[in-house]
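In this text the structure is predicted, and so the values were computed from the model without any measurement. Just so you know, these numbers use all the heavy atoms, side chains as well, and skip hydrogens, waters and symmetry mates. Start at 1 and go down the list; that is how both ligands and their atoms are numbered.
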Amino acid sequence: MVKTARILNGSDVAQKALTALSKRIEALRVEGKTLGLAAVQVGDSKDALLYSRSLEKLLTKLHIYYRYAQFPEKISENDLEREIEGLNKDKQITGVMIFSPLPKHLDYVAVLNAVQLFKDVEGRRILHGFGDRVISPTASAVIKLFEETGIDAAGKEAVVVGHSDVVGKPVAILLLDKMATVTVCHIKTHSLEEHVRRADILIAAAGKPNLIKGKWIKPGAVIIDVGENVLNGKLVGDVEFEEAKNRAGFITPVPGGVGPLTNVMLVKNLLTLAQIQENNGNSNTH
Ligand code: NAD
């Protein structure tokens, strides 16, 4: 007998979720609080307009204020950012979303960063630490070391071992932004060796001494070893350095690789934070 897949019905799940949300929205309305959404569209797009209409239909039903903020295709980045600042300050607007793609003359990350963090309804800004926010100093150090190789990550197999908030996850996102094909391995990963053997770029951040065997390394690979482990009174990484260095194209030592650069990136982040705080009138600098 042919076994067919169970159909996952989105409409049913949506209806259940909506019923629960409606109660919360109604409770807010009783307290005199309303929600509002602004959707920013640059230029004409039939698809965006269709989507906007379906969104408006749903929000209207829920008594949520909706504004389709459409701007001319040729709007300058400064003008668009000023318009977004207006939405940031607008008390009727709880959340702002930016319809993409944006025209080529606009810098996507800069426009995104114009949306105030607490109005970023799609949670996009969290993926773009650069700009007026900071990202894990260790992840920045890893990427800076990778950039030293002069290698283009686009299309390369990148394997990140470790998925912590401070190393694995942000490094994976930054490598994705460089158009690498990224695999993230962790404690539950089956056959780590298989993944590592495919890696043109390997970021080791598991905190397990010599977890990555030298013989697993693909010839010519870039190896960035974030691990810092004390073994027999000595600081060692996650990669078997002596064996790996004879196969890799580039490799960072432990100590003396990612560690020292991490601290420099930390200082850079402090400077960025001071600047953000000054811009927001919350400065502690004298
Ligand atoms: P963590 O403990 O938060 O995360 C470890 C990650 O490794 C997890 O995702 C876990 O699932 C994975 N992992 C553990 N054992 C594994 C195994 N056997 N196979 C596959 N995956 C495995 O650690 P962290 O804070 O991300 O730190 C990782 C290492 O990097 C540590 O050695 C730490 O000291 C070092 N570190 C160095 C710097 C630096 O600047 N050089 C900065 C931060 C962390």
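Note on Arg247 versus Glu240: no salt bridge recorded, every NZ/NE/NH1/NH2 to OD/OE distance being 4.0 Å or above. The pair Glu26-Arg29 counts as a salt bridge, with a side-chain nitrogen and a carboxylate oxygen less than 4.0 angstrom apart. A salt bridge is defined here as a Lys NZ or Arg NE, NH1 or NH2 lying under 4.0 Å from an Asp or Glu carboxylate O, and Lys89 with Glu85 fails to meet this definition.
Although no hydrogens or angles enter the test, the distance criterion places no donor-acceptor pair under 3.5 Å between the side chain of Glu194 and the main chain of Val196. Judged purely by atom type and a 3.5 angstrom limit, Asp200 has no side-chain atom pairing as donor or acceptor with the backbone of Lys156. Under a 3.5 Å cut-off, the side chain of Thr252 and the backbone N or O of Asp225 do form a donor-acceptor pair.
Looking from atom 31 (C) of ligand 1 to the surrounding protein, the closest heavy atom is Gly207 CA, 3.5 Å. Distance from atom 19 (N) of ligand 1 to its nearest protein heavy atom, with residue and atom name: Leu211 CD2, 3.8 Å. The single protein non-hydrogen atom nearest to atom 40 (O) of ligand 1 is Thr262 OG1, 2.7 Å, given as residue, atom name and distance. The protein non-hydrogen atom at the shortest distance from atom 25 (O) of ligand 1 is Val166 CG1, 3.7 Å. The single protein non-hydrogen atom nearest to atom 5 (C) of ligand 1 is Ala206 O, 3.6 Å, given as residue, atom name and distance. When only non-hydrogen protein atoms are considered, atom 43 (C) of ligand 1 lies nearest to Thr138 OG1, 3.7 Å. Among all protein heavy atoms, the one lying closest to atom 34 (O) of ligand 1 is Glu228 O, 3.5 Å. At the top of the distance list for atom 36 (N) of ligand 1, counting protein heavy atoms only, stands Val226 O, 3.6 Å.
Contact annotation: Asn229 has at least one heavy atom less than 4.0 Å from an atom of ligand 1. At least one heavy atom of Gly227 sits less than 4.0 Å from an atom of ligand 1.
With atom 23 (O) of ligand 1 as the reference point, the heavy atom nearest to it among Pro255, Cys185, Gly168, Ser164 is part of Ser164. When His163, Lys208, His186 are checked for heavy-atom proximity to atom 14 (C) of ligand 1, Lys208 turns out nearest.
A donor and an acceptor atom, one from each side chain of Asn113 and Glu81, are nowhere located under 3.5 Å apart. Side-chain atoms of Ser45 and Tyr51 form no donor-acceptor pair, as typed in the model, at a separation below 3.5 Å.
For the pair Leu37 and Leu55, the minimum side-chain heavy-atom distance is below 4.5 Å. Using a 4.5 Å cut-off on side-chain heavy atoms (C-beta onward), Leu62 and Leu21 make no contact.
By the 3.5 Å distance cut-off applied to N or O atoms, Asp238 is not counted among the residues near ligand 1. For a threshold of 3.5 Å applied to N or O pairs, the pair formed by Ile187 and ligand 1 contains at least one separation below that value.
Residue pairs meeting the ring pair (Phe, Tyr, Trp, His ring centres under 6.0 Å) criterion with at least one partner in residues 189-224, sequence neighbours excluded, do not occur; the list is empty.
Those atoms of ligand 1 that come under 4.0 Å of a heavy atom in Gly259, given as number and element, are 40 (O), 41 (N). Residue Val167 approaches ligand 1 through these ligand atoms, each under 4.0 Å from one of its heavy atoms: 26 (O). Close approach of ligand 1 to Gly162 is summarised as follows: ligand atoms under 4.0 Å from at least one heavy atom of the residue are 6 (C), 7 (O), 9 (O), 12 (C).
At a distance under 4.0 Å, no protein heavy atom can be found next to atom 2 (O) of ligand 1.
Taking the ring pair (Phe, Tyr, Trp, His ring centres under 6.0 Å) definition, one finds that Tyr65 meets it with nothing, sequence neighbours left out.
Contacts between Thr189 and ligand 1 below 4.0 angstrom, taking non-hydrogen atoms only, are absent altogether.
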